[in-house]
Amino acid sequence: MARLAQTAGLTDVQQEIVSTVRDFVDKEIIPVATGLEHRDEYPQEIVDGLKELGLFGLMIPEEYGGLGESLLTYALCVEEIARGWMSVSGIINTHFIVAYMLKQHGTQEQKDHFLPRMAAGDIRGAFSMSEPALGSDVSAITSKAVKDGDEYVLNGQKMWLTNGGTSSLVAVLVRSDEGHPEGTAPHKSMTTFLVEKEPGFGEVRPGLTIPGKIDKMGYKGVDTTELIMDGLRVPADRVLGGVTGRGFYQMMDGVEVGRVNVAARGCGVAQRAFELGVRYAQQRHTFGKPIAQHQAIQFKLAEMATKVEAAHAMMVNAARKKDSGERNDLEAGMAKYLASEYCKEVVEDAFRIHGGYGFSKEYEIERLYREAPMLLIGEGTAEIQKMIIGRRLLEEYRFQG
C-alpha cells in the first residue's frame with residue numbers, strides 16, 4: 001500500500017511526523033470512523049489524540065508554542081487524516097485557516113492572545129464567509145458591521161460554518177462601510193472580525209446564536225452550522241489586523257491555503273478508496289478466479305492508481321509553491337480541481353468494484369461514496385477553480401501583438 005503517493009525530498013522530521021500521523025490513523029481512526037459517521041457523532045477521542053500529537057499547532061510558529069512546520073507537512077498530514085475519515089480533516093482545516101490568517105495578518109496583540117492557545121488546542125477556530133443566498137459570490141455579502149464607539153455592532157446570517165458549535169473563535173467576514181464611501185468596490189469594504197464565543201448551540205454569547213447542526217448527506221461527525229448575529233457587539237481591537245476594509249484579501253489568502261488542504265483531502269480519500277478497491281478485487285471471486293484477474297478490473301485499478309499519483313503530485317507542488325513564498329493561486333486551483341474530481345472518480349470506481357456490496361452500509365466504500373461530493377464544492381466549486389485557472393493563465397500567457 002505504500003507504493004502510491006510518495007513524496008520525494010522530505011526531511012527526517014517531516015517523514016517522522018507524517019509516519020506518526022499515519023500510524024495514528026490506522027490505529028485510532030479507521031477502526032471507528034464508519035461507526036461514528038453512521039451515528040453522526042463528534043469524534044472527541046480522536047480530536048483529543050490529535051491535540052496530544054500537536055496537530056492543532058502544526059503550522060503555528062514555535063515562538064507561540066507550535067511546531068512551526070510548513071504547508072507541505074501540514075498537507076501531507078491532512079492527506080493521511082482524510083484517508084482515515086475526511087470529517088476529522090475538516091475539524092483541523094478550519095482551525096488551521098484561522099491560525100494562518102492570524103499569523104499572516106493579525107496584530108501582535110492578537111497573535112500573542114490567540115496563537116499559543118490555538119497551538120495547544122485549547123482554542124478551536126472556525127471561519128465564516130458564506131451566507132444563505134451567497135454561493136460563490138463573496139462580493140454579495142449582506143452581513144454588516146456598524147461602528148459604535150469602541151465597538152462594532154454586527155448583524156446578519158452566515159451559512160455553512162464548519163466547527164460552528166465546537167469552535168471557540170470564529171473569523172467572520174462582514175461588510176463595513178465605515179471609512180469606505182458609497183461606490184467603493186465591494187471587496188474593499190469588507191472586514192474580518194475575530195469573534196470569541198462559548199462552544200455549543202443556542203445563544204453562545206449575547207447577540208450570537210448557533211442554531212444547531214445542519215443534517216448532511218455525508219461529512220458527518222463534524223458540526224456544520226448557521227451563525228446568526230443580532231446586535232452582536234465586538235470590540236474594535238478584534239478587527240483582524242486592526243484596520244477595516246482588508247477582510248476580503250485576508251479571507252482569500254486563507255482560502256488559498258485551504259484549497260491545498262481540500263486537495264490533500266481529495267488525495268487521502270482517493271487513496272483509501274483505491275486501497276479498499278484493490279483489496280476487495282483480490283478477495284472477491286467470480287467465474288472461478290479473483291475479480292482482480294479480470295482485465296476489466298485491472299483497467300479500473302490502473303486508472304485509479306494513476307489518478308491517485310497525479311492528484312498527489314499536484315497537491316505537493318501547490319504546497320511547495322506556497323512555502324517558497326510565491327503566489328500559488330494557479331497551482332492551488334489546479335490541485336483542488338484535479339484532486340476533487342479524481343477523488344470522485346476513484347471512489348466511484350472502487351464502489352463499482354464492490355458491486356452490490358458497495359451499496360451496503362456494512363462496507364466502508366459506502367461512506368466514502370457519500371463523502372467525496374463535498375470536495376467538489378468545498379473551498380470553491382470546480383467552475384470557480386476553472387475561472388481562477390483561466391484568468392491566471394491569461395496573465396501568464398498574455399498575447400503581445
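Relative to the ring axis of Phe56, Arg124 places its NZ or CZ within 45° and under 6.0 Å from the centre.
Remark: the backbone N or O of Ala5 is paired with a side-chain donor or acceptor of Glu309 at under 3.5 angstrom. Distance alone, capped at 3.5 Å, places no donor-acceptor pair between the His105 side chain and the Lys103 backbone. Judged purely by atom type and a 3.5 angstrom limit, Asp323 has no side-chain atom pairing as donor or acceptor with the backbone of Ser70. The main-chain N or O of Asn163 is found under 3.5 Å from a side-chain atom of Ser167 such that the two form a donor-acceptor pair. Under the 3.5 Å distance criterion, the side-chain polar atoms of Asp349 are left unmatched by any main-chain donor or acceptor of Lys300. Between the Asn328 side chain and the Lys321 main chain, no donor and acceptor come within less than 3.5 Å of each other. The backbone N or O of Gly165 lies less than 3.5 Å from no partner atom in the side chain of Lys213, so there is not a single donor-acceptor pair. At distances below 3.5 Å, not a single donor-acceptor pair connects side-chain atoms of Arg233 with backbone N or O atoms of Pro206. Using a distance-only test at 3.5 Å, with no hydrogens or angles considered, no donor-acceptor pair links the side chain of Thr73 to the main chain of Gln14. With Asp148 contributing its side chain and Val153 its backbone, the two residues share no donor-acceptor pair below 3.5 Å.
Note: Tyr369 and Phe351 have parallel aromatic rings, judged against thresholds of 30 and 60 degrees for the angle between ring planes. In this pair, Tyr280 and His354 present their aromatic rings parallel. The plane angle is below 30°, not in the 30 to 60° band.
There is no side-chain donor-acceptor pair under 3.5 Å between Gln157 and Glu131. One side chain, Thr191 or Ser176, offers a donor N or O that lies under 3.5 Å from an acceptor on the other.
When His312, Gln15, Glu79 are each tested for a side chain to side chain donor-acceptor pair (under 3.5 Å) with Thr7, only one passes: His312. Partner of Asp253 under the salt bridge (charged side-chain N to carboxylate O under 4.0 Å, His left out) criterion, out of Arg259, Lys322, Arg246: Lys322 alone.
Atom-to-atom distance recorded for Asn317:CG and Leu72:CG is 10.5 Å, nearest 0.5 angstrom. Atoms CD and CD, on Glu366 and Glu364 in that order, are 10.5 Å from each other to the nearest 0.5 Å. Atom CG of Leu53 is separated from atom CG of Asp23 by 10.0 Å, given to the nearest 0.5 angstrom.
Under a 4.0 Å N-O distance rule, the pair Lys307/Glu341 does not qualify as a salt bridge.
Listed here is the closest heavy atom pair of Pro211 and Ile228: CG-CD1, 3.7 Å.
Counting non-hydrogen atoms of neighbouring residues, nucleotides and ligands closer than 6.0 angstrom, the CD atom of Glu362 reaches no more than 12 such neighbours.
Residues Val18 and Glu80 have side chains in contact (heavy-atom distance under 4.5 Å, counting atoms from C-beta outward).
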